[in-house]
**Q** 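Let me give you the structure first, and then I'll get to my questions.
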Amino acid sequence: MAFAALISATLLILPYLFDCEMTLISIPIILLAMDVAQKGGAIWEKTIFVCGLVTPLILAGIGQNFDVQIGFPVILALFVLVISRAVSELRAKRAS
């Protein structure tokens with residue numbers, strides 16, 4: 001989870017994020033998908049996965065046609081999801 005958080009945070013602090021760099025978002029999504037497959041996950045987590053996978057595909061078209069940036073909210077949602085799963089995992093380790 002720490003690696004997924006690091007990549008998500010790196011994408012959040014970049015002042016400019018180009019379409020080719022959005023492929024890095026697949027790494028936290030894959031790590032989160034493996035964690036959800038092992039431990040289970042809520043429907044809202046799976047929705048964030050789908051948004052994260054679709055965002056790099058439609059980012060350029062939406063940005064050019066509608067002047068709306070959707071990359072930042074999706075990366076932020078992935079970061080929050082990674083942190084929340086890491087905190088719950090840490091709490092579970094401390095409890096046992």
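Reckoned from all heavy atoms, side chains included, excluding hydrogens, waters and symmetry mates. Residue numbers run from 1 in the order of the sequence given.
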**Q** Roughly how far, to the nearest 0.5 Å, is the CD1 atom of Ile25 from the CG atom of Leu78?
**A**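 Separation between the atoms: 5.0 Å.
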
**Q** Is Val54 linked to Leu81 within one hydrophobic cluster, defined over Ile, Leu, Val, Met, Phe, Trp and Tyr using a side-chain heavy-atom separation of less than 4.5 Å?
**A**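 Shared cluster, yes.
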
**Q** Starting at CG of Leu11, measure out to CG of Leu76 and round the result to the nearest 0.5 Å.
**A**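 Separation between the atoms: 12.0 Å.
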
**Q** Looking at OG of Ser26 and CG of Leu31, how far apart are the two atoms once the value is rounded to the nearest 0.5 Å?
**A**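 One finds 9.5 Å between OG of Ser26 and CG of Leu31.
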
**Q** Taking a hydrophobic cluster as the set of Ile, Leu, Val, Met, Phe, Trp and Tyr residues connected by side-chain heavy atoms closer than 4.5 Å, whether directly or through intermediates, do Val80 and Ile13 fall within one such cluster?
**A**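 No, because Val80 and Ile13 fall into different hydrophobic clusters, even though each may have its own neighbours under 4.5 Å.
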
**Q** Are the side chains of Ile83 and Met1 in touch, meaning some heavy atoms are under 4.5 Å apart?
**A**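 Sidechains of Met1 and Ile83: no contact.
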
**Q** From Gln64 CD over to Leu59 CG, what is the distance, rounded to the nearest 0.5 angstrom?
**A**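 If I round to the nearest 0.5 Å, the distance is 9.5 Å.
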
**Q** Drop me the distance from Ile70's CD1 to Thr55's OG1, to the nearest 0.5 angstrom.
**A**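 So the CD1 of Ile70 and the OG1 of Thr55 are separated by 4.5 Å.
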
**Q** Determine, using the 4.5 Å side-chain heavy-atom cutoff (strictly less than), whether Val87 and Phe3 are members of one ILVMFWY cluster.
**A**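 Yes: a chain of side-chain contacts under 4.5 Å links Val87 to Phe3.
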
**Q** Closest heavy-atom contact between Phe49 and Ala33?
**A**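 Heavy atoms of Phe49 and Ala33 come nearest at CZ-N, 3.9 Å.
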
**Q** Answer with yes or no whether the hydrophobic clustering places Leu6 together with Leu14; edges join I, L, V, M, F, W, Y residues whose side-chain heavy atoms lie under 4.5 Å apart.
**A**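 No; Leu14 is not reachable from Leu6 via cluster members.
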
**Q** Is any side-chain heavy atom of Ile75 closer than 4.5 Å to a side-chain heavy atom of Met22?
**A**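 Sidechains of Met22 and Ile75: in contact.
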
**Q** Decide whether Val74 and Ile30 are clustered together by the hydrophobic rule: side chain heavy atoms of Ile, Leu, Val, Met, Phe, Trp, Tyr closer than 4.5 Å, transitively.
**A**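 No, separate clusters.
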
**Q** So, the side chain of Ser88 versus the backbone of Arg85: is there a donor-acceptor pair under 3.5 Å, distance only?
**A**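 Flag set: sc Ser88 to bb Arg85 pair under 3.5 Å.
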
**Q** How many angstroms lie between atom CD1 of Ile29 and atom CD1 of Ile7, to the nearest 0.5 angstrom?
**A**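 Taking CD1 in Ile29 and CD1 in Ile7, the distance rounds to 11.0 Å.
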
**Q** With a 4.5 Å limit on heavy-atom distance, are the side chains of Ile27 and Leu24 in contact?
**A**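 Yes; the side chains approach each other to less than 4.5 Å.
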
